Amino acid sequence: MVTVRLPDGREVQHPDGVSLMQILQAIGPGLAKAAVAARVNGETRELFSTLSNTTVELQALKLDDPAALQMARHSTAHVMAEAICALWPQTKLVYGPPVDGGFYYDIDLDHKLTPEDFPRIEERMAAIVKEDRPFTRYEVPRDAGMKKLVAEGNDYKVDNAQRADGDVLSFYVTGQPNSGCWEDLCKGPHVPSTGRIGAFKILQVAGAYHHGDANKKQLQRVYGTTFPDKKLLQAHLDQIEEAKKRDHRKIGQELGLFTLDAMVGTGLVLWKPRGAVIRYTLENFIRGELVRRGYQPVYTPHIGRLELYRTSGHFPYYKDSQYPPIFDNDTARFLNDLWEATVERKDAAGFNAGEQRALQRLDDLDPEIRTTLKTRGFSDEGGKADRNQNAIRTMLAESDGYLLKPMNCPMHMRIYGSEPRSYRDLPIRLAEFGTVYRYEQSGEVNGLTRVRGFTQDDAHLFCTPDQVEQEMADCVDLTRLVLKTLGMNDYRVRIGLRGDGDKFIGAREDWDQAEEAVRRAVKKADMSATEAAGEAAFYGPKIDFIVKDCIGRDWQLGTVQIDYNNPKRFNLRYIGDDNAEHRPVMIHRAPFGSLERFCGILIEHFEGAFPTWLAPVQAAVCSVSEKSEAYARDVFALCQQAGLRVELDASSERIGAKIRRATLEKTPYVLVIGEQEVAGRSVNVRTRSGAQLGNFTIPEFLHAVAQEIAERRLTLLATASGAAPG
RNA sequence: GCCGAUGUAGCUCAAUGGUAGAGCACGGCUUUCGUAAAGCCGGGGUUGAGGGUUCGAGUCCCUCCAUCGGCUCCA
């Protein structure tokens with residue numbers, strides 16, 4: 001006997017083996033029709049599952065329930081897969097889970113799907129929905145199931161089955177079993193039938209590696225989403241479109257903040273005057289904090305010897321993500337030419353023209369290089385391109401040269417090491433807006449959020465082991481201050497731990513010690529954070545502040561990292577109170593992370609409407625006509641002298657057009673100057689959000705705005721009714 | 001780096017394989033106006049670059065470059 005307790009407190013009883021669907025039908029056919037799943041004792045179950053000999057709490061779930069919607073999305077993935085298989089029978093299905101906001105299905109298909117195929121697929125899906133076929137689960141013993149899958153010849157599904165837990169394998173037929181209907185290996189659960197999946201849409205198709213392995217065959221990943229009804233689906237699509245209006249690349253272009261120029265190079269940012277204002281204002285904000293917190297500014301060069309980065313472990317550890325070394329004599333250029341020449345015709349039997357030229361230069365230039373190359377295996381017999389390339393590569397790796405700096409810490413460590421240090425000096429906090437260069441993969445470069453040259457608001461703190469916890473907590477505090485000041489409250493904190501893997505340097509004990517210190521610092525700062533194994537820096541664990549961009553991608557901004565390894569590599573020391581040498585601990589920290597990425601996210605955060613203290617232009621002085629132009633010029637000059645970033649619009653446009661232009665540029669204040677203002681020696685203040693604040697004397701206005709700026713307020717000056725929205 | 005899509009004036013976009021266009025922006029002139037767009041006129045292009053097919057290419061094909069979306073990576 002099954003006893004079911006319903007949400008309204010009612011209890012009903014059913015015989016053993018009753019399905020959830022039957023229970024719901026007994027309550028009411030309307031409910032059974034509307035429900036797609038049920039929650040049984042808190043667990044989401046599909047309606048064809050049965051109960052026996054139990055007492056449960058049961059709640060019917062419609063598509064408006066998140067768990068039920070998740071289920072429907074998974075079911076939609078099946079419907080889509082069936083449609084694709086129907087249209088392209090050679091399709092091999094791989095894996096099709098629900099994800100945040102929708103679902104995808106990975107397929108292996110030679111025909112490259114394009115958005116033009118989507119309507120056909122959707123049409124087919126609609127037909128499957130119309131047939132309203134049940135999702136029927138059946139289970140077979142593991143061995144039999146494997147046999148069946150092997151016979152079907154889809155290696156991916158065999159692979160999936162091998163990874164699945166349990167003694168049985170489950171399949172879902174879209175229809176009655178043994179009816180020839182489409183079926184798929186799947187652990188479920190599903191909605192009752194194809195007619196219940198809701199409103200769906202295929203969104204995009206993209207490449208994806210099988211099991212995330214770049215060495216394996218690339219699959220096609222078809223993305224889609226499902227909502228309870230068409231209206232909600234459309235609302236979701238509209239919301240995506242709306243979010244795209246915040247895109248920093250779009251706003252950066254519209255407001256003239258920065259530009260990315262193919263001639264300058266991929267991922268290299270040109271800050272235009274208006275964007276530069278935002279950046280240097282943020283820099284100055286931090287500088288003020290650093291003074292208060294006992295940091296000392298330093299400056300270091302943009303390149304440094306390979307020896308430096310060999311010592312730190314950056315080279316050749318991250319060789320592939322660095323710009324190639326710069327060599328300090330003709331050797332590099334020559335080796336490069338020789339390399340190019342050997343690449344040119346790798347399979348040639350003899351020397352090609354390029355190789356011959358290079359070899360000629362080899363003789364002319366420096367017999368010693370030729371000798372060195374030969375000892376590295378270089379052959380001048382021709383047709384040995386691979387061997388020769390290896391010789392050149394080896395020689396390049398062994399040569400001394402300079403690297404565009406990928407990180408600031410090695411240079412800061414050399415500053416620390418440049419004089420003897422006492423425990424009385426610690427902690428030493430060296431700060432620099434340090435520009436670094438990393439050769440990010442071409443497919444990764446993205447607006448301001450992922451670039452190849454960027455500036456970190458970097459600092460390295462050298463301290464005694466017992467200072468670590470406090471210093472880290474202070475760094476976390478500074479990062480939170482920065483985010484709070486800008487009203488960025490939508491972030492999460494992640495502790496990156498070592499985990500397994502071979503990409504980390506240093507002794508296990510040091511790591512354990514460091515990871516404990518990080519945990520204690522987070523606790524001390526009273527923050528909630530998730531831990532992620534394998535997300536540490538290569539030299540130590542870290543605390544990352546992570547935010548989302550306008551299309552939901554995660555980006556790391558601020559970071560606090562602890563490093564027991566590099567002080568060892570650079571043999572950093574201090575003299576303790578016991579008059580013996582000790583090893584300092586180093587903390588890397590950057591509250592913004594990279595100025596580029598931070599500004600990118602900030603643009604999206606404010607949708608380009610920066611608070612006054614950050615706004616590129618803080619006020620636009622607009623004359624109504626020629627009669628008020630002279631006074632408008634006075635107002636402009638007075639504002640500028642008071643330190644306000646102000647612009648003058650004395651053109652012959654109408655006042656409405658001037659206001660419109662300033663408003664579209666998101667200038668916080670428009671000062672309308674007409675004959676009334678001339679007469680009253682005043683300014684009429686309007687905000688970008690359309691609020692009219694009335695007339696101020698110039699000193700009144702300057703005073704009010706100066707205060708707003710000094711306080712770094714996030715809202716504009718207000719009328720009596722309250723703050724004008726940003 | 002991989003898969004796919006895209007690339008036309010400063011910006012947003014048109015243009016059956018058959019004379020490259022519009023709006024905004026920009027320049028000139030007229031207008032001097034009170035809270036989100038005055039009017040007229042004008043200048044702007046090796047259609048991302050280079051090859052190919054064709055009588056003829058923005059349009060079809062190839063290579064490269066750049067951008068976008070995923071994947072992978074991210075000190």
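Not measured: the values here are computed from a predicted model.
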Note: A:Arg274-A:Glu647 ion pair, threshold 4.0 Å (strictly below): yes

Closest listed nucleotide, where the reference is the side chain of A:Lys627 and the choices are B:rU32, B:rC33, B:rG1: B:rC33

Nucleotide of B:rC33, B:rG34, B:rA37 approaching A:Ala657 most closely (side-chain heavy atoms): B:rA37

Heavy-atom donor-acceptor pair, A:Arg438 side-chain to B:rC73 base, under 3.5 Å: no

Sidechain N-carboxylate O distance under 4.0 Å for A:Glu665, A:Arg661: yes

P spacing across the pair B:rA36 / B:rG18, given as an integer number of angstrom: 46 Å

Pairing partner of B:rU47 (Watson-Crick or G-U wobble, both distances under 3.5 Å): none

Candidate pair A:His588 and A:Tyr539, rule ring-ring contact (aromatic ring centres under 6.0 Å, His included), full reasoning: CA-CA 11 Å; A:His588 310 241; A:Tyr539 45 69; 4.4 Å; yes

Whole-angstrom distance between B:rU46 and B:rC11, as gauged at atom P: 13 Å

B:rC73 and B:rG56, which share atom name C1', separated by this distance in whole Å: 48 Å

Closest contact, heavy atoms only, A:Met472 versus A:Ala521: CB-CB, 3.6 Å

Sugar-phosphate, base or nothing in reach of A:Gly674, heavy atoms under 4.0 Å: base

Pair assignment for B:rA5, Watson-Crick or G-U wobble, requiring both distances under 3.5 Å: B:rU67

Mate of B:rG21 where both pairing distances stay under 3.5 Å, Watson-Crick or G-U: B:rC13

Which nucleotide in B:rA36, B:rU35, B:rC3 has an atom nearest any side-chain atom of A:Leu664: B:rA36

Parallel, tilted or perpendicular: rings of A:Tyr669 and A:Phe701 (30°, 60°): perpendicular

Rounded distance in Å - CD (A:Gln561) to P (B:rC74): 14 Å

B:rU63 versus B:rG17 - spacing of their P atoms, nearest Å: 23 Å

Side-chain N or O of A:Arg686 closer than 4.0 Å to phosphate OP1/OP2 of B:rA36: yes

Polar side-chain contact A:Ser312-B:rA75 base: donor and acceptor under 3.5 Å: no

Minimum heavy-atom distance between A:Arg597 and A:Ser594, given as atom pair plus value: N-OG, 2.9 Å

Polar side-chain contact A:Tyr209-B:rG70 base: donor and acceptor under 3.5 Å: no

Inter-nucleotide P distance (B:rU6, B:rC61), Å rounded: 11 Å

Contact under 4.0 Å: A:Tyr318 side-chain N or O vs B:rA75 OP1/OP2: yes

5' precedence on RNA chain B between A:Glu675 and A:Pro115 (nearest-nucleotide basis): A:Pro115

Any donor-acceptor N or O pair under 3.5 Å, side chains A:Thr300, A:Glu432: yes

Pair A:His210 and A:Tyr95, ring centroids less than 6.0 Å apart: no

Polar pair under 3.5 Å, donor/acceptor by atom type, side chain A:Glu677, base B:rG34: yes

Touch class at under 4.0 angstrom, heavy-atom based, for A:Ile659 against every strand present: base

Summary of protein contacts for nucleotides 62-69 of chain B, nucleotide by nucleotide, where a base hit scores B, a sugar-phosphate-only hit scores S (4.0 Å, heavy atoms): ----SSSB

For B:rG42, the Watson-Crick or wobble counterpart (both distances under 3.5 Å): B:rC26

